[in-house]
Amino acid sequence: MTTDTQAQEQTDGFNLVIDALKLNGIDTIFGLPGIPITDLTRKIQAAGMRMISFRHEQNAGNAAAIAGFLTQKPGICLTVSAPGFLNGLTALTNATTNCFPMILISGSSEREIVDLQQGDYEEMDQLAIAKPLCKAAFRVLNAEDIGIGIARAIRAAVSGRPGGVYLDLPAKLFSQSMDAAAGKASLIKVVDPAPRQIPAPDAVQRALNLLKTAKRPLIVLGKGAAYAQADADIRALVEKTGIPYLPMSMAKGLLPDNHKQSAAAARSYVLPEADVVVLIGARLNWLLSHGKGKTWGGKDHKAWGSQKYVQIDISPQEADSNVRIDAPVVGDIGSCVSAMLGAINAAGAGWPQPSADWLGAIDERKTKNIAKMAETLAKNPSPMNFHSALNVMRDVIKANPDAMLVNEGANALDFTRSIVDMYRPRKRLDVGTWGVMGIGMGFAVAAAVVSGQPVIAVEGDSAFGFSGMEVETICRYNLPVCVVVMNNNGVYKGTDVNPTGGPDVAPTVFVKGARYDKMMEAFGGVGVHATTPAELRKAVEEAVRSRKPTLINAVIDETAGTESGRITSLNPTAAKKK
Ligand code: OXT
Ligand code: ADP
Ligand code: MG
């Protein structure tokens, strides 16, 4: 059935795009209207889909990307041509880098004029620009191909390793009309868009054989494991094998962070000491120091070069990208984990458990680190610092384990990651593989829209600035989002000075004592200025209870942060000193 009630026999590009998306279960679009897609946004809403309009396309793109991560359906971002398209492109590329399924649909100018470079309105060869930055890119020129175009985009986004897809829809396409019955027949409901990929039995056996020999095994859970939604089997694999595990930041909560097998609080001990490391949906990229260097003990460590790896990943090309992978298991995580679990269950009591020595040594480090952390968290310094503020957030998440936590910044990110425990899968959403600032409000909007749960966004004051205007969007859609700006007056800290004594402040310093809470008040939300943990606690608890859009300006000691948070060593000057 066409969505345009006026045209019984004829349909057009607008309707076909909408019908094709609806047919494939897409019910929400994130975007920003303008030529040539304004009417498309109106018609999307009229057709009963949710059209969430943003103030900047990058935020709409980030919303689409994280909606994809949370739902396993491609998140859709809709933009205008050239500048709108480019604004969405960072999010599309970030989605691809993070393996989030997303489709950026952009209207584009007339092909005949663009290709002759005759200076059309918002002229740009968008398809060519998008191609190297995403997993796949398509253009649809004829209305009868819309069904195919959308089917291809969906398959490309969610099958295999998920990623970003670009779909170029030139302005002329929308008004092309065709017979409604033929139009309907041209649409495709994609069958099995993300087919299971069953691992080869010999690959599973090879991995199990290696695991059986391990004296000090370790499982690393990455965001691919969170994405796969194989939560029960992953938990069973961890618990049946008794192997300690390390969650990457967005895998926190896949098993509750207070699980006795979590080795998160002994990270720097377990990475170099483990003899067999099982990577489940985690790449050995910079976040794991490429499997090399000091994080893994360095060249002088006794285990250097002797560590063995099992890697479970849907991408057959991931293995050996940084170090030798002794037992790659290629397939979807659900199928791979269940195959391994089958053999482990069959072995029953015969399956070897890690030695008491290994578990005891980890426990010793963990206990020490946790006690040290508890001591720091118990302090109540004035002014408030990251720890005393995050101690509040830790309690709030513990009391509301279904709340979504969005997190970006440097210190505001790193301290939150280690202080705030997560208890449920896919609740922690952060800067991911690129460490990119600007995901905050887009992720928060999508998390609220997709989950219906309260969202708490813990934001560095710099990080918040990248998407801060979306507080209007949060108010407009009356979303249960509580933004906590950890305001330390700048990037990393607020104490840098201009060495020349000139009138400009240092590059990392912002207006001192800024009142971010007023931004939320400007649009009818609740703004709170919090200078103590008690004020912060009261405000966050009230925000979660009331579900009202809230922004808390949490005043943090401007001396409290460190350069680049926990990744100071990546700064060129620090690297030179090493
Ligand atoms: O084992 P050890 O002893 O080492 O201890 C570890 C754990 O065992 C322990 N731990 C625990 N102890 C006790 N209890 C518990 N529960 C527990 N859990 C853990 O704690 C330590 C640390 O554990 P962790 O975190 O697991 O381990 P570690 O070593 O840190 O892990 C390594 C990494 C690499 C995995 C980890 O550090 C990580 O995930 N890092 C991500 C870093 C990241 O992505 N940072 C963001 C980018 S920084 C920079 O680029 C910024 N920019 C530039 C910019 C960007 N990014 N983007 C764009 C578009 N433009 C520009 C900017 C502008 S940040 C930034 C803004 C910064 O200013 P803000 O105002 O926003 O922020 P503030 O800094 O707050 O001012
Ligand atoms: P983290 O940053 O948490 O370490 P990464 O983004 O580096 O995680 O790694 C995620 C990995 O998960 C990617 O290599 C990707 O191919 C893989 N992946 C994503 N979804 C699946 C899935 N359903 N099954 C198997 N592997 C997956
Ligand atoms: Mg800051």
Side-chain angles (χ1 to χ4, degrees), residues 72 90 94 97-101 160-163 194 196-197 220-230 246-252 257-258 262-271 279-289 295 311-315 317-318 321 330-337 365-366 368-374 376 386 394 408-415 417-421 430-440 459-466 485-494 508 510 556 558 560-567 570:
Q72 294 184 325
T90 306
N94 188 52
T97 303
N98 280 279
C99 315
F100 299 155
R161 171 182 277 177
R196 286 196 303 152
Q197 294 191 18
V220 176
L221 298 173
K223 60 172 124 54
Y227 174 78
Q229 298 194 15
L246 200 59
M248 300 301 287
S249 68
M250 280 178 60
K252 275 168 72 76
D257 274 338
N258 57 356
S262 169
R267 186 181 200 269
S268 58
Y269 174 71
V270 289
L271 287 176
L279 300 160
I280 308 184
R283 287 169 286 186
L284 275 176
N285 56 17
W286 71 280
L287 289 156
L288 283 166
S289 306
T295 308
Q311 183 158 35
I312 302 179
D313 205 289
I314 203 151
S315 164
Q317 293 173 40
E318 187 53 40
S321 55
V330 176
D332 70 276
I333 285 168
S335 301
C336 296
V337 169
R365 264 76 180 185
K366 243 178 93 170
K368 224 186 263 169
N369 264 350
I370 289 173
K372 207 165 81 191
M373 167 93 82
T376 317
F386 286 102
R394 176 183 164 97
E408 61 177 336
N411 295 281
L413 173 86
D414 292 342
F415 285 126
R417 187 179 57 249
S418 55
I419 293 172
V420 178
D421 286 337
D430 69 26
V431 300
T433 307
W434 261 355
V436 67
M437 299 296 113
I439 48 88
E459 300 274 312
D461 50 338
S462 164
F464 173 69
F466 287 72
V485 176
M486 308 289 270
N487 188 356
N488 63 349
N489 292 341
V491 179
Y492 312 135
K493 44 165 68 180
T508 54
F510 294 155
I556 303 292
E558 65 172 4
T562 55
E563 177 96 9
S564 306
R566 295 271 303 169
I567 54 172
L570 296 184

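The residues of the chain are indexed from 1 along the displayed sequence. Counting convention: from 1, in listed order, for ligands and their atoms alike. Owing to the predicted nature of the structure, the values given are computational and were not obtained by experimental measurement.
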Which residue and non-hydrogen atom of the protein lie closest to [atom], and at what distance in Å?
{"atom": "atom 14 (O) of ligand 2", "value": "D313 OD2, 2.5 Å"}
{"atom": "atom 49 (C) of ligand 1", "value": "Y492 OH, 3.6 Å"}
{"atom": "atom 25 (C) of ligand 2", "value": "I333 CG1, 3.1 Å"}
{"atom": "atom 48 (S) of ligand 1", "value": "I567 CD1, 3.9 Å"}
{"atom": "atom 3 (O) of ligand 1", "value": "S268 OG, 3.4 Å"}
{"atom": "atom 7 (O) of ligand 2", "value": "R283 NE, 2.9 Å"}

Would you say [X] contacts ligand 1, with heavy atoms under 4.0 Å as the rule?
{"X": "F415", "result": "no"}
{"X": "W286", "result": "yes"}
{"X": "S249", "result": "no"}
{"X": "G561", "result": "no"}

How about N488: does one of its N, O or S atoms come closer than 2.8 Å to the Mg ion (ligand 3)?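 For N488, the answer is yes, given that an N, O or S atom comes within less than 2.8 Å of the Mg ion (ligand 3).
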Would you kindly say whether N411 and T562 are connected by a side-chain donor-acceptor distance under 3.5 Å?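 Yes - a donor-acceptor pair under 3.5 Å links their side chains.
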Polar side chain donor-acceptor pair, D257 to S262, under 3.5 angstrom: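 Looking only at side-chain atoms, S262 and D257 do not form any donor-acceptor pair under 3.5 Å.
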Under 3.5 Å between some N or O of ligand 1 and some N or O of [X]?
{"X": "Y269", "result": "no"}
{"X": "L287", "result": "no"}
{"X": "M373", "result": "no"}

Answer side chain, backbone, both or neither: which part of [X] comes under 4.0 Å from ligand 1, heavy atoms only.
{"X": "D414", "result": "side chain"}
{"X": "N369", "result": "both"}
{"X": "L413", "result": "side chain"}
{"X": "A266", "result": "backbone"}
{"X": "V431", "result": "side chain"}
{"X": "F466", "result": "side chain"}

Between the candidates [options], which shows the shortest non-hydrogen contact distance to [atom]?
{"atom": "atom 36 (C) of ligand 1", "options": "K493, R417, R566", "value": "R417"}
{"atom": "atom 31 (O) of ligand 1", "options": "M437, R267, K252", "value": "R267"}
{"atom": "atom 74 (O) of ligand 1", "options": "N411, N489, V420", "value": "N411"}
{"atom": "atom 63 (C) of ligand 1", "options": "G432, S462, G460, G435", "value": "S462"}
{"atom": "atom 9 (O) of ligand 2", "options": "G224, G281, G432", "value": "G281"}

Rounded to 10°, how many degrees is the angle OD1/D461-the Mg ion (ligand 3)-O/G490? 90°
Quick one: do T97 and N94 satisfy side-chain hydrogen bond (donor to acceptor under 3.5 Å, both in side chains)? Show the steps, please. CA-CA 5 Å; T97 303; N94 188 52; 5.3 Å; no
Atom indices of ligand 2, in the order listed, that fall short of 4.0 Å to a heavy atom of [X]:
{"X": "T433", "result": "6 (O)"}
{"X": "G222", "result": "3 (O)"}
{"X": "M248", "result": "3 (O), 4 (O)"}
{"X": "Y227", "result": "20 (N)"}
{"X": "N285", "result": "7 (O)"}
{"X": "G331", "result": "24 (N), 25 (C)"}

So which atom in [X] and which in [Y] form the shortest heavy-atom distance, rounded to 0.1 Å?
{"X": "E459", "Y": "F464", "answer": "OE1-CA, 3.4 Å"}
{"X": "G222", "Y": "A251", "answer": "O-CB, 3.5 Å"}
{"X": "R417", "Y": "R566", "answer": "NH2-CG, 4.1 Å"}
{"X": "A282", "Y": "V220", "answer": "CB-CG1, 4.1 Å"}

Min N/O separation R161 to ligand 2 under 3.5 Å: yes
Return a yes/no value for I314: is any of its N or O atoms, backbone included, closer than 3.5 angstrom to an N or O of ligand 2? yes
Would Y227 and C99 count as a side chain to side chain contact (heavy atoms under 4.5 Å, CB included) here? Give the steps. CA-CA 9 Å; Y227 174 78; C99 315; over 6 Å; no
Any residue meeting side-chain hydrogen bond (donor to acceptor under 3.5 Å, both in side chains) with T376, in chain and number order, not counting sequence neighbours: none
Considering the heavy atoms of [X], write down every atom of ligand 1 situated less than 4.0 Å from one of them.
{"X": "A463", "value": "71 (O)"}
{"X": "A410", "value": "64 (S), 67 (C), 72 (O), 73 (P), 74 (O)"}
{"X": "F386", "value": "75 (O)"}
{"X": "G409", "value": "46 (C), 71 (O), 72 (O)"}

Considering only heavy atoms, does [X] approach ligand 2 within less than 4.0 Å through its side chain, its backbone, both, or neither?
{"X": "K223", "value": "both"}
{"X": "C99", "value": "side chain"}
{"X": "I312", "value": "neither"}
{"X": "V220", "value": "neither"}

Is atom 53 (C) of ligand 1 less than 4.0 angstrom from at least one protein heavy atom?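 No, there is none.
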Would you check whether A251 reaches within less than 4.0 Å of ligand 2, judged by its heavy atoms?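 Checking ligand 2 against A251, which is what was asked, there is no heavy-atom contact under 4.0 Å.
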If the contact criterion is a heavy-atom separation under 4.0 Å, does A194 count as touching ligand 2?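 A194: no contact with ligand 2 (<4.0 Å).
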With the side chain counted from C-beta on, respond yes when V431 and L413 share a heavy-atom pair under 4.5 Å apart, and no when they do not.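 Of all side-chain heavy-atom pairs linking L413 with V431, at least one is under 4.5 Å.
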Decide yes or no for L279 and D313: does some side-chain heavy atom of the first lie under 4.5 Å from some side-chain heavy atom of the second?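 No; the side chains remain at least 4.5 Å from each other.
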Would you check if the side chain of D461 reaches a backbone N or O of G490 as a donor-acceptor pair within less than 3.5 Å? yes
Check step by step if side chain to side chain contact (heavy atoms under 4.5 Å, CB included) holds for D421 and R394. CA-CA 6 Å; D421 286 337; R394 176 183 164 97; 3.9 Å; yes
Just how far is it from atom CD of Q197 to atom SG of C336, taken to the nearest 0.5 Å? 9.0 Å
